[in-house]
Amino acid sequence: MTTFLLSRRTVLQGFGLSLSGLTFHAESHGAQEGCTCLVFVSLRGGLDGLNAVIPYLDSRYYQLRPGIALAAPHARTASAHSKALPLESGYGLHPALADLLPAFRSKELAIVHAVGTRDGSRSHFQAQDAMEMGCTPDEHSDGWLARLSSLLTPSSALLHAVSFGGGLSTALRGIPHPVVVADLETFSVRNLRGINNLQDVLERNYRHAQGPAAGAGRRALQAIGQLRTISERIPSSAGEYPHHLRPLSELARLIRADVGLRLATVNIGGWDTHSRQGGATGLLAKNLSHMASGLATFRRDLGENGQRVVVVAATEFGRTAAQNASGGTDHGRGSILLVMGGDVRGGKVYGDFPGLKEDQLENGRDLAVTTDLRTVFAEVSERVLHRRLSATEADALLPGFSPTRRLGLFGAS
Amino acid sequence: MKRFVTFVLTAVCAASMGCSKTSVSAPAVSENRAQVVVAAGAGYSGATPRILDQHQRFHLLSRFTFGPTVESMRRLEELGLEGWLNEQLAVANSPNAELDQALDPYKKALGTPGDLVRLYQYDATTRLKQHGEQSSNLPEFERLVRNTDTIEMLRDLQMVELTRHLLSTLQIQEVMVDLWTNHFNVYARKDRVSFATSDYLERAIRPHALGRFTDLLEATARHPAMLQYLDNARNRTPSSTGGSGVNENYARELLELHTVGVAAGYTQKDVSAAAHILTGWSVENTTEGEFGFLFRTAWHTNQPQTVLGRTFSATGIHQGEDLLRWLAIHPATARHVAAKLCTRFVADTPPSSCVQAASEAFLATEGDLTTVLRAIVNDESFWLSHHQMVKTPLDFLMSATRAVGGVPDGGHNLAKNLDHLGQPLLFNRVPTGYPTDAASWASTHGMMARFRFATRFASGLVGVRLPTPSVFAGADTPIALQEIVEEKFPVAALHPEMLDAFVEPLLAVERAERRPMLAISMLVASAEFQRK
């Protein structure tokens, strides 16, 4: 492994770019400084937590969801592949999430249940904002990862914060110099039919250009060059990723390239299951299995780099406790959250399950939120910072948030 | 190659002195060019130029339009500065068949809030019937269907705005519409604001964009889009709610962002008093889906209130009207709005002399916006500020499309491209609106997005129909292409380094039909094109 690390660094140092006096040295960043890379996966659309991590001891679960409920692990009537997989303390895992079971059993994966935002609008956009901003738009206009970044040691790495997808994610909004990557393989400005040197042309153009856009342009061209080098020199994953989880593969390459990546965001959509979501098989099962397979492959891909990578996967809200007449579920409140890697105290389902009786449900219809998402954000932030947050820092990061109690996701509680 | 030498020469002059006369319509007589440059350069001592040279025309159009085009450069040359300003500021609508035709696919998004609610709820009901759904949770399902439609509607609305920005000949009005849409920002995706934004732009912003600031302020204050966005629709006197306080959200932004600004030194007491004055300014709720302005007398505090030392004693809705009219022409408002306009048109940090001139024009005319704009154009700092600003993503997208004579293709791709560039139109959550300064937009990922856009743009992948024949028709040789670029792209005020970088690869591309793509990509991605 050492040999591989050395050779990889040599390779990366080889592409230290020089543009207009700005020299970029692609030295090893992460491992040297003991930096943790935080990966925030936004499960957009509202994941049905009740069918992902099943409270099979609650008889109301079966009353509310006659057509879509998953059988308990010990159920005799059901066939093996249609039953929930046993986790602990009355929770079962959707069989489509079986790929995550090894990580849970080896205590590298923790689950939080009945978790959510303060936003009760049940609107995708508002709840996604609440989740990714970690506050209301009145409190701050930037993302919670951007505010976390201001607490970290300043980084000169070009690729210190990367947002995967079409645009900058809300969670990273406001961070200095983030990079947005749609797809590492195709990301370059050479990608124009018949013309293979636009990057060179632009580099020459920007080298001596004046004005504020020129500096940013040079930086962007460097980032593009660096991404291209990574895509050429760092082999892509041997593992298979479902198509819409390809960004995780690209992300693993960036982490393995060890270029100082500290904050990354990835979106996984497809959770808005208003009709025909299915039970052990069907729409939701398919999406869950893609996510599980993608995250499991990602973990394998990282290898020993996994130690310095924390993955948090959260959704803006869960879904109604009862199924609707279309065999689906509508926008609700509490859902689940996954934390993987970075020596999380895994193998456990955290949080209080509030129950599914009518008076236990929020507005008589949704799984209530008993853990504020921001409890997790605060603990993950402390893990990334390797220290406790001061009260002032906590308020700046997550305004108005005062944890009633810690979950103890990391280290000694 | 003689032509190329001319090109380089003019470009060098343009870059170094910011005052050259590049050849759009003038014959290429390079020997005389240098003298013209020197003469024009000497004229830059400060006084407002009466006769604009090529570069000054380019500068004016870069700031007060969504990007210079060959046509707008010619029009400005024909009319001269005064004539052009008169034409633009008169805001007389002349027939524009190209615009009308391009708008046609998007017109479904135009209507009153009630129109749109009915249209889209009707759609949802029809769809439900078609699907034969027997949902136990009908309202939820309806909402789902409606939400899907709402985003289509809002994309149409974005395209309406972008199409007007691109094709309207009244460009100053378009730029001002964008400015006020941000000054009086609403978030079109918040609840029912989605149905009201179209009407908000049509009736509150557009008619007053070059009118009087008072009218603009009052129109926004009583529009359901603003009332819902900043929650004043729910602002009621504590006695009517059993004790919970007034909703100060709108009142605070009214003072901080819309009128006097923080520099006015108001306190929480002023905010609270203003909120009390505006209690009851709400929206109706009819079964037909209308939600127009409604003053709810029972929600109004109806006591004299003091804001910034001035007491407002009128009863009912008149108290709020008095407040708005007073705030609209307050000296602090004049300064705040003047600074906003100078920041947009002159510099990220505008010189105080310019803000002063604009502010005085505002006060002297009680907020006549055309007078304020003339004061800015007439200020020497405007003419000295060429190339100093960075285009916003909207500026960038519009100016690129205008430069090649592109027209929206009837779809939503152009609006989505603006999302990717970082400035989704009408989808800004924060009441400050989008910034216009370089620090906000000249970022690594912002520039990466522009590079990516440039390649997609040249390949025809951004929802823009390029004119046929292409602006590059006849560009069979590199020299011919250069000539066309020089003629068609007023941005040919380029660095010599850029030209070196530009010409060589062009010569290296063997297939002539591919050269225009590279030329467009280069121009749009170039450092020079990011500036205005």
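When reading the values below, keep in mind they use all heavy atoms of this one structure, side chains included, and skip hydrogens, waters and symmetry mates. In the text below, chain A, chain B and the rest are named by the order of the sequence lines, each starting its count at 1. Keep in mind that this is a model prediction, so the values were computed, not measured.
For the pair Met448(B)/Leu227(A), a side-chain contact is recorded, criterion being any heavy-atom separation below 4.5 Å from C-beta on. Considering only heavy atoms from C-beta on, Tyr187(B) stays 4.5 Å or farther from Gln126(A) through its side chain.
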Test side chain to side chain contact (heavy atoms under 4.5 Å, CB included) on Asn205(A) and Glu528(B) and set out the steps. CA-CA 9 Å; Asn205(A) 172 236; Glu528(B) 290 73 18; 3.2 Å; yes

Give the C-alpha distance, both sets of side-chain angles, the deciding distance and a yes or no for side chain to side chain contact (heavy atoms under 4.5 Å, CB included) between His420(B) and Val180(A). CA-CA 10 Å; His420(B) 294 157; Val180(A) 180; over 6 Å; no

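Contacts with chain A were tallied for Met447(B), Gln530(B), Gln388(B), Met389(B); Met447(B) has the most, counting heavy-atom pairs under 4.5 Å. Put simply, of Ser141(A), Ala216(A), Ala214(A), the one with the most heavy-atom pairs under 4.5 Å next to chain B is Ala216(A).
Looking at every heavy atom in both residues, Leu202(A) comes nearest to Ala525(B) through CD2-CB, 3.7 Å. Taking all atoms of both residues into account, the shortest heavy-atom contact from Pro178(A) to His445(B) is O-CB, 3.2 Å.
Residue-environment remark: CZ (Arg60(A)) exceeds the threshold of 12 foreign heavy atoms within 6.0 Å. With a 6.0 Å radius and a threshold of 12 heavy atoms from other residues, nucleotides or ligands, Gln63(A) has its CD atom above the threshold.
How far CG of Asp138(A) is from CZ of Arg252(B): 10.0 Å, rounded to the nearest 0.5 Å. The distance from the NE2 atom of His124(A) to the CZ atom of Arg189(B) is 10.5 Å, given to the nearest 0.5 Å. Separation of atoms CZ (Arg452(B)) and CD1 (Ile224(A)) is listed at 8.0 Å; rounding is to 0.5 Å. In this structure, the separation between CE on Met133(A) and CZ on Arg429(B) is 6.5 Å, given to the nearest 0.5 Å. Between the CZ atom in Phe125(A) and the NZ atom in Lys190(B) there is a gap of 14.5 Å [rounded to 0.5 Å]. Taken to the nearest 0.5 Å, the OG1 atom of Thr444(B) stands 4.5 Å off from the CZ atom of Arg219(A).
Only the side chain of Thr170(A) comes within contact range of chain B, with at least one heavy atom under 4.5 Å from a heavy atom of that chain.
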